[in-house]
Amino acid sequence: MSFDLEIKGEGPPVLFLPGSYSTPRAWSGVMERLAGWQMISVSLPGYGRTQERRDPTDCRMADLIGFVADVAEKIGTPFHLVGHSFGGQVALAATLEGGLPIQSLVTFEANPIYMRRAGTAFAWQAALQEMVARFDSAVAKGDPAAAGIIIDYYCGAGVFDTMPEPIRAFCAATAHTNVLDWHTARDFAPWATEFGAVSLPTTLCRGDRANIAIREITDELGGIIPKAKTAVVDGADHFLVSTHPQDCARIIADHLQRVSGGPTG
């Protein structure tokens, strides 16, 4: 299988997983502010030059965990894992599955959106499922603005319309892949308490303008993962790795320094 791969710098390896509607370029601003690490970024399946590997009729998170395993094999040594949005969800799934040489974990606005918890369900999950159904329908009808349903869910009503035309066009062209991402996400529905088995040092980051789902997921996981720390980027929304690269690079550097004694960036 071929995949979109970019490598910058030298040192211990750090693997960066972007979210939906993204390629390795999403991490450019963060990477240029870090030093002393071999920084590796890939596009997730279906984006950039990474081949799709999922069956559209039966999307499984195991397919994306297998993708991370393929990248891990190419890296060849233990690595630190960083993920944003759906890439953060894949990073959490791969970490929870175990078996890969992951040394530590950093997520930005990770969205294991179908995570379950005992007792009361997350109040926002019913509206989320209705939103995903509208998105599926819009993509099936060929609506060029379908991606805006997802973008606006995470960032606020009307945000998609304010984005530059090339970005809106890229999102429209890859909306069908984002449908597969949501179907894959539905396959990843662990109980929140299962994350208590994650023994790796972990940093969970969100923007202070994150929506309610990201806020509650971050809080929930922060209280369950034994070695988790949380961080909040002031003035940032879901796309913080692009809009606030200096803050995100500092959070990654602080995490890596904490867990490995490596360079601070």
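Just so you know, residue 1 is the first one in the sequence shown, and it goes up from there.
Paired with Phe79 under the rule side chain to side chain contact (heavy atoms under 4.5 Å, CB included), one option of Pro12, Ser104, Pro101 passes, and it is Pro101.
Each salt bridge (Lys or Arg N to Asp or Glu O under 4.0 Å) pair with one or both residues in residues 160-173, not counting sequence neighbours, appears once here: Glu165-Arg168. Residue pairs meeting the side-chain hydrogen bond (donor to acceptor under 3.5 Å, both in side chains) criterion with at least one partner in residues 185-198, sequence neighbours excluded, are Arg60-Asp187.
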Test side chain to side chain contact (heavy atoms under 4.5 Å, CB included) applied to Ile40 and Glu6, step by step: CA-CA 6 Å; Ile40 304 155; Glu6 292 188 6; over 6 Å; no
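For Gln246, the CD atom sits in a loose shell: 12 or fewer heavy atoms of surrounding residues, nucleotides or ligands are nearer than 6.0 Å. Counted within 6.0 Å of CZ on Arg25, heavy atoms from surrounding residues, nucleotides or ligands total 12 or fewer; the atom is thus considered open. Counting non-hydrogen atoms of neighbouring residues, nucleotides and ligands closer than 6.0 angstrom, the CZ atom of Arg116 exceeds 12 such neighbours.
Side-chain N or O atoms of Thr218 include one that pairs as donor or acceptor with a backbone N or O of Ile214 at under 3.5 Å. For the pair His244 (side chain) and Val241 (backbone), a donor-acceptor distance under 3.5 Å is absent.
The two residues Pro56 and His183 have their closest heavy-atom pair at O-ND1, 4.4 Å.
No side-chain heavy atom of Leu92 sits under 4.5 Å from any side-chain heavy atom of Thr95. With a 4.5 Å cut-off on side-chain heavy atoms, Trp182 and Leu128 count as touching.
His84 and Ser22 share no donor-acceptor pair across their side chains, judged by distance under 3.5 Å alone. Looking only at atom types and distance, the side chain of Asp4 has no donor-acceptor partner in the side chain of Tyr47 under 3.5 Å away. Under the 3.5 Å distance criterion, with hydrogens and angles disregarded, a donor-acceptor pair is assigned to the side chains of Thr203 and Arg258.
Asp247 and Arg33 are not joined by a salt bridge, as no carboxylate oxygen comes within less than 4.0 angstrom of a charged side-chain nitrogen.
When hydrophobic clusters are built by joining Ile, Leu, Val, Met, Phe, Trp and Tyr residues whose side-chain heavy atoms come closer than 4.5 Å, directly or via intermediates, Val259 is not grouped with Phe16.
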